[in-house]
Trainee: 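Please read through the structure below; I'll follow up with questions.
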Amino acid sequence: MASQVLPQALHMIPRNQVQPFNPVKNRGFSAFLSRGPSPLTTSKVSVSGFHSKFPVGSSFSCFARRGFVVRAESNPEGEGEAERNENGVEEPETKAEAEVEGEGEGEGEDEAEEEKPKEPRKPRIKLGDIMGILNKRAIEASDKERPTPDLRTGDIVEIKLEVPENRRRLSVYKGIVISKQNAGIHTTIRIRRIIAGIGVEIVFPVYSPNIKEIKVVKHRKVRRARLYYLRDKLPRLSTFK
Amino acid sequence: MWQFPVSDQVPQISGNRQACGNRFDKQQRTFIQMRTVLKVVDNSGAKKVMCIQALKGKKGARLGDTIIASVKEAMPNGKVKKGKVVYGVVVRAAMQRGRCDGSEVKFDDNAVVLVDKQGQPIGTRVFGPVPHELRQKKHVKILTLAEHIA
């Protein structure tokens, strides 16, 4: 088992083993830990035992300061291979995650860091920013194919939609924007219109590839962000030729 | 602060989402189930029907589903009479129906088109807009009769 490999691994860690695991450092392993695979949890227990038996110098005390996360790091040797084999799917995921983070440096992790030639320090991307960055990229990608105008509540817009079922022509939807929900790539607008005597409200995702064109035809002055009151009002107010 | 009138404006039926905060914040429309009265939008003679069974779905019928209904109000000379049990296809529902591209559609009322057991409409005209979900449900005849496809 890994326990036989461990004594050597514990000694070798600061010098050799940290390098391949640098990108996956705290983030990667905390991600591993959050998934709670059994080899890691069993290893934690064994390592704590080893800590008491091998109080080896400064490197370990500095590792120990980090407590929870560090114990998993302390035996990358034995677990690394196991992890690579078992969590083969998860590994590229976390590695990709770590790359997206821009090879985030450790919180002042010492000797092992300074050894390898470092590139100029990139601004660290925090976990909370990832969704924002991904959304922005997706919006930029969709904007390249089709520019989206600035939409606000009260705009009277015309949307040309390609419906895969319809195949023949683009469906045209005209109406007033009664609400806009901002959610990154799934920003939606709700269009209301009276069609053939019946009020119809349709929610469109603004950045959908099915939407071929959005055009603002007119603007109505409104003093609200959501115009749900139009549902109770006369149909005349929601009619657009 | 002006609040919604506390009358029958807010049909606060337990919908598919949790109502948090003020009850009057959002109208929650839900399925078409037993005792739901629907408008008939074809010229089969009936005016209003009451749903007695939703054929598919545990909670009720949605846009495009078929229901069994009982005619509650009918025109004097029509193909169906009051009290008759008929099948119907829901063509407009106040509950939003999601489409595969992420859009949702909802109408202002609940409406049904009477059909026979095979799914062919009894009437010869359909009034008002219909959604193109019906094409997927194989109600092509109703789509061709429709005034407007939403």
Side-chain angles (χ1 to χ4, degrees), chain A residues 138 142 159-175 177-179 181 183-212 214 223-235 237-239, chain B residues 1-5 7-11 22 24-29 38-39 41-42 63-64 90-113 125-140 143 145-150:
Chain A
S142 121
I159 296 190
K160 289 213 172 60
L161 194 69
E162 181 198 336
V163 180
E165 300 171 320
N166 241 341
R167 275 172 273 112
R168 289 165 291 132
R169 276 172 307 162
L170 302 177
S171 324
V172 177
Y173 293 98
K174 189 169 179 176
V177 177
I178 62 174
S179 90
Q181 306 270 17
I185 191 72
H186 196 58
T187 304
T188 60
I189 52 172
R190 192 178 264 260
I191 309 281
R192 179 177 169 84
R193 186 188 182 180
I194 303 284
I195 303 180
I198 307 288
V200 182
E201 286 181 18
I202 310 188
V203 172
F204 292 106
V206 168
Y207 298 111
S208 157
N210 283 338
I211 295 184
K212 294 306 171 202
I214 300 189
R223 308 202 63 187
R224 296 232 138 18
R226 317 281 158 122
L227 312 179
Y228 299 146
Y229 64 85
L230 286 177
R231 294 175 186 156
D232 306 319
K233 293 278 206 174
L234 287 175
L237 291 175
S238 304
T239 318
Chain B
M1 199 185 91
W2 183 79
Q3 290 261 349
F4 273 105
S7 56
D8 46 344
Q9 275 284 11
V10 183
N22 197 355
F24 305 121
D25 273 355
K26 201 162 184 177
Q27 277 192 332
Q28 189 59 260
R29 306 303 192 135
L38 300 109
K39 201 161 73 168
V41 289
D42 57 5
L63 195 57
V90 179
V91 297
R92 293 204 285 273
M95 180 161 124
Q96 68 273 5
R97 175 105 197 196
R99 293 186 173 161
C100 51
D101 62 350
S103 55
E104 291 180 355
V105 64
K106 89 196 272 226
F107 295 87
D108 272 2
D109 64 345
N110 300 313
V112 77
V113 165
R125 288 179 67 188
V126 170
F127 304 109
V130 298
H132 55 72
E133 264 83 358
L134 298 180
R135 183 165 292 142
Q136 210 182 19
K137 307 266 181 183
K138 308 281 186 271
H139 295 123
V140 188
L143 275 175
L145 292 172
E147 245 180 62
H148 189 282
I149 304 186

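Side chains included, hydrogens not; waters and symmetry mates left out as well; all remaining heavy atoms used. Below, chain A is the first sequence line, B the second, and so on; all start at residue 1.
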Trainee: Rounded to the nearest 0.5 Å, how far apart are SG of B:Cys100 and CG of A:Asn210?
Mentor: 7.5 Å

Trainee: Counting heavy atoms not belonging to B:Arg125, are there more than 12 under 6.0 Å from its CZ?
Mentor: no

Trainee: State, with a plain yes or no, whether a side-chain heavy atom of A:Ile198 is found less than 4.5 Å away from one of B:Glu147.
Mentor: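 The answer is no, as the side chains (C-beta and beyond) never meet within the 4.5 Å cut-off.
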
Trainee: Compare all side-chain heavy atoms of B:Asp108 with those of A:Arg192 and state whether any distance is below 4.5 angstrom.
Mentor: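 Result yes, sub-4.5 Å side-chain heavy-atom pair found.
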
Trainee: Would you say the side chain of B:Gln96 lies within less than 4.5 Å of the side chain of A:Val203, judging by non-hydrogen atoms?
Mentor: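 No - every pair of side-chain heavy atoms lies 4.5 Å or more apart.
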
Trainee: Tell me whether the count of non-hydrogen atoms from other residues, nucleotides or ligands lying under 6.0 Å of CZ in A:Arg231 goes above 12.
Mentor: yes

Trainee: With chain B, which of A:Pro209, A:Ala196, A:Gly199 has the greatest number of heavy-atom pairs at distances under 4.5 Å?
Mentor: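 Top count of heavy-atom pairs under 4.5 Å with chain B: A:Gly199.
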
Trainee: Between B:Glu104 and chain A, which part of the residue has a heavy atom less than 4.5 Å away: side chain, backbone, both or neither?
Mentor: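 The answer is both parts of B:Glu104.
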
